[in-house]
Each structure stands twice: as C-alpha cells, then as structure tokens.
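Read the structure below first, then the notes.
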Amino acid sequence: MARPQRICLFGATGSIGDSTLDVIASHPEKFEVYAMSAFSQVSKLIELSLVHRPEVLILPSQEAKQQLTSLWPSDRALPELRIGAEALVETAMDPEVDTVVCAIVGTAGLASAYAAAKAGKRILLANKEALVASGELFMRAVRQSGAELLPIDSEHNAIFQCLPNPVAHSEIKQIILTASGGPFRDTEVGLLDGVTPAQACKHPNWSMGRKISVDSATMLNKGLEVIEAKWLFDLPLEQIKVLVHPESTVHSMVHYCDGSILAQLGNSDMRIPISHALAYPKRLLNQAPEFDLSQFSQLNFKLPDLQRYPCLDLAYQASEAGQESTIVLNSSNEIAVDAFLNNKIKFTDIPKLIASMLEKSWHQMIDSIEAVHAFDEEVRIKSAEQLQQFI
Ligand code: NAD
Ligand code: MG
C-alpha cells in the first residue's frame with residue numbers, strides 16, 4: 001500500500017485549516033500532517049498539534065516560540081519549531097512534503113504558495129490572493145516545475161470538477177461563478193453606509209474567516225475569484241461571468257458551446273472541495289452534512305447589481321488593466337478591510353479607497369516575486385496614507 005500523503009498545512013488555525021484537518025483526521029491511512037503554521041493563535045496550534053502530531057510547526061516570531069514552549073505539555077515530545085516567513089518558504093520546498101495546503105489569508109500567503117509552485121509540489125490552493133497578486137509568475141512556476149495545482153476555493157473547485165482534462169478551450173462558451181450576494185444582498189443600498197463589521201461578517205450561507213467574509217459582503221471576493229479563474233483556467237475575462245445565487249447550492253458552472261451547462265451542487269461546506277482536492281482523482285467520504293436537493297423548492301439566479309457591488313466592477317477593471325492593477329486592487333482592499341473591521345472607516349469607504357488607489361499612476365515592472373512584494377508594500381503604505389481622508 002502507498003504511504004500516506006505528507007501534508008504541509010499553512011494557516012492551520014484558520015477556517016480552511018479547520019476544515020482540512022477535519023477531513024484529514026477521518027483518513028489517517030491516507031494523510032499525515034507533516035507541518036502546520038499559525039500566525040497568532042498559539043494555544044489553538046498546540047491543541048491541534050497534540051491531535052495531529054506534526055513533525056514541524058511554523059511560528060511567526062521568537063515570542064510565539066517562547067509562548068508555545070512554555071505552554072507545551074512536558075510529557076509530549078516537542079515538534080521541530082521553525083520561525084518566520086522564511087520558514088514558510090523553506091517548509092513549502094521541504095523534500096518531506098508531498099502536498100502543500102495554502103490557507104494563509106491575504107498576500108502573506110503568497111511567498112510560501114509560490115515556493116511550493118517552484119518546488120513542484122501538489123498544491124491545494126485556498127489563498128486566491130496569490131493568483132491575484134502574481135498570477136502570471138505563479139502559473140509559470142507551476143508549468144515549469146510540473147506542480148499539480150488543485151483549487152479548493154469552492155467555485156473553482158466546482159469548475160475544475162465540471163471541466164474535462166485536458167481543457168478544450170474552444171468548446172467552452174463561458175464559466176459562471178455563483179455568488180451568494182453576502183449578508184447585504186437585500187439591504188437598501190442607501191443603508192450600506194451604516195452597516196457594522198459584525199453584520200458584514202455574518203455570512204448567510206458560509207462560515208469563514210473575517211477578511212473573506214467582508215470581501216463576500218462587498219463582492220470583492222467574487223472579483224478576486226474572477227481573476228483567480230482567469231489564471232487557473234486560462235480564459236479571457238469576457239468568458240468569466242458572475243451570477244448571484246442566494247441559495248449557494250450550485251457552486252459554479254461551465255457553459256459549453258453546444259448549449260450544455262454542467263454544474264456542481266452540494267452543501268455550503270468547505271470539507272467537500274477540500275476532500276475532492278485531497279483525494280483527486282479519487283473521492284473521499286467526509287463529515288459534511290447529507291445534501292438533500294428535495295429541500296430546495298427553487299434555485300434563483302440573477303445578474304449582480306453593480307450599484308450594490310461596486311467592488312466587483314473594480315475587480316473586472318483591474319484585471320483588464322493587468323497585473324499591476326490587480327496588486328493595487330488586492331493590497332488596497334486588505335488595508336481597507338482591516339480599517340473597516342477596526343471601525344475606522346465605513347463599509348462604503350472600502351470601494352472608494354480601492355478606486356482612488358486604482359486611479360493613481362503606478363509604473364512598476366512586475367517581473368519577479370520580490371517585485372510583487374515590494375510593490376504590494378508600496379501600495380499598502382500609500383493606501384494607509386489615503387485612508388486618512390476617510391477617517
Ligand atoms: P482565517 O482568517 O480563518 O485563517 C487565516 C490563517 O492564516 C490563520 O491560520 C492565520 O494564523 C494565518 N495567517 C494570518 N495572517 C498571517 C501572516 N501574516 N502570516 C502567516 N500566517 C498568517 O482565513 P480563512 O477563511 O481560512 O481563509 C484562508 C484563505 O482561504 C484566504 O485566502 C481565503 O480567501 C481563502 N478561502 C477561504 C474560504 C473559507 O471558506 N474560509 C473559502 C475559499 C477561499
Ligand atoms: Mg469562493
């Protein structure tokens with residue numbers, strides 16, 4: 001029998017981390033957690049480590065290391081501790097690792113995902129920001145190294161499941177990403193000024209981290225997903241459509257030239273796409289609740305209202321303009337969302353800040369991952385300055 005797949009899980013303490021560990025725990029004969037990373041929740045990382053027994057833990061700092069060692073139970077062997085962003089990169093390339101699950105949130109996940117791509121690993125990609133900020137470089141690294149890239153973002157996983165391999169481009173009319181519309185899909189547009197972070201994080205169908213929950217409320221998340229789809233499936237923007245589908249039952253669709261539309265349906269549970277990608281090309285049992293289509297008397301679809309979701313429009317514009325603009329979109333959004341979550345700006349200031357950053361003239365050569373990072377940093381600094389006008 002083949003030995004278990006050795007998994008490196010970046011972002012183990014997050015929402016995707018939880019779902020991934022839940023699937024892995026049900027199949028100890030198939031998967032083994034080799035490494036896990038966390039950024040802030042040291043106690044949670046200890047709890048997870050005692051259950052999943054990784055050989056390596058990656059922590060952000062010496063302080064986190066001290067905290068972990070002081071809390072670690074004396075009767076259990078301490079895993080190897082690696083420190084800092086370089087340790088993420090080093091572990092992504094570790095010869096002991098078969099599969100890297102990229103579930104760090106934001107641009108912080110870029111360097112380790114790129115390292116996994118360069119090292120030719122099997123990559124389960126949740127961190128869509130990596131493709132938004134460095135799609136061309138990332139996909140080139142995947143092609144050159146022969147890495148296997150499997151999307152676990154539910155929409156992209158759905159499309160992946162509906163596409164034949166290899167992809168026959170000329171046969172695809174368009175792909176359709178579905179969007180729940182977020183918690184404010186029925187809120188009067190005039191009232192969006194006053195919505196709170198707690199309301200924005202209360203997603204109607206999915207339970208997710210705070211940043212992606214706000215992105216879902218603005219639909220910037222769908223914009224990032226359009227860009228993610230463009231790179232993953234090598235399709236022009238005109239062939240990537242978005243439909244609001246409040247039930248979140250159809251996770252996305254492929255519309256073929258002969259009029260057939262293939263869709264993937266299921267519960268809104270990330271264990272389903274994660275199971276699919278972990279087991280691909282096979283299938284795995286998981287603990288997601290049973291799906292019963294007879295409970296749905298109707299499934300609704302409608303075009304998104306761009307007055308309500310200006311961030312979606314901004315994402316299409318940025319993608320049209322190119323890599324530099326998608327970095328500006330992503331980095332300025334991260335600054336804006338953080339400020340909104342900390343009650344510094346209004347919900348409706350998020351698209352305003354992004355738009356004002358996209359309007360600036362930037363002249364960057366984005367020809368390396370270092371250049372992406374340097375530019376990301378520059379945009380963050382400028383966005384934080386620009387933010388002052390909204391405070
Ligand atoms: P989360 O906030 O729940 O977890 C984020 C993880 O990243 C945590 O483990 C945290 O410790 C780690 N982290 C945060 N900042 C870091 C930094 N600077 N350096 C290193 N690690 C850091 O987020 P999530 O909802 O699990 O989302 C993770 C990624 O998956 C995001 O890119 C998101 O867009 C994507 N995604 C999430 C879902 C979902 O259902 N949650 C669905 C599709 C895609
Ligand atoms: Mg998604």
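Ligands are counted one by one from 1 in listed order, and the atoms in each one are counted from 1 as well.
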**Request:** For a side-chain contact (heavy atoms from CB on, under 4.5 Å) with K65, tell me which candidate from L57, L81, V42 qualifies.
**Result:** L81

Taking only distance into account, with no hydrogens and no angle test, what donor-acceptor pairs under 3.5 Å do side-chain atoms of residues 9-19 form with protein atoms, sequence neighbours excluded?
| from | atom 1 | to | atom 2 | distance (Å) |
| --- | --- | --- | --- | --- |
| S15 | OG | S207 | O | 3.4 |
| D18 | OD1 | K44 | NZ | 3.0 |
| D18 | OD2 | K44 | NZ | 3.2 |
| S19 | OG | S15 | O | 3.4 |

**Request:** Could you tell me whether L285 atom CG has more than 12 heavy atoms of other residues or ligands within 6.0 Å of it?
**Result:** no

**Item:** Protein N, O or S atoms lying under 2.8 Å from the Mg ion (ligand 2), listed by chain and number
**Value:** D153 OD1, E155 OE1, E225 OE2

**Item:** Under the side chain to side chain contact (heavy atoms under 4.5 Å, CB included) test, residues paired with L50 that sit two or more places apart
**Value:** I46, W72, P73, R76

Between ligand 1 and the protein, which N/O pairs are shorter than 3.5 Å?
| from | atom 1 | to | atom 2 | distance (Å) |
| --- | --- | --- | --- | --- |
| ligand 1 | 3 (O) | S15 | N | 2.9 |
| ligand 1 | 7 (O) | V105 | N | 3.4 |
| ligand 1 | 9 (O) | G11 | O | 3.3 |
| ligand 1 | 9 (O) | T13 | N | 3.3 |
| ligand 1 | 9 (O) | T13 | OG1 | 2.8 |
| ligand 1 | 9 (O) | G14 | N | 3.2 |
| ligand 1 | 11 (O) | T13 | OG1 | 3.3 |
| ligand 1 | 11 (O) | F39 | N | 2.9 |
| ligand 1 | 25 (O) | G209 | N | 2.9 |
| ligand 1 | 26 (O) | S15 | N | 3.1 |
| ligand 1 | 26 (O) | I16 | N | 2.9 |
| ligand 1 | 32 (O) | E129 | OE1 | 2.7 |
| ligand 1 | 41 (N) | S15 | OG | 3.2 |

**Request:** With T107 as reference, evaluate R380, H373, E377 under the side chain to side chain donor-acceptor pair (under 3.5 Å) test and give the passing residue.
**Result:** R380

**Prompt:** Would you find a donor on one side and an acceptor on the other, under 3.5 Å apart, between the side chain of Q239 and the backbone of I172?
**Reply:** yes

**Asked** Looking just at side-chain N and O atoms, do Q323 and T326 make a donor-acceptor pair shorter than 3.5 Å?
**Response** yes

**Request:** Would you tell me whether S248 and N205 have side-chain atoms, one donor and one acceptor, within less than 3.5 Å of each other?
**Result:** yes

**Asked** Using 30° and 60° as the class limits, which term best fits the ring planes of F138 and Y114: parallel, tilted or perpendicular?
**Response** tilted

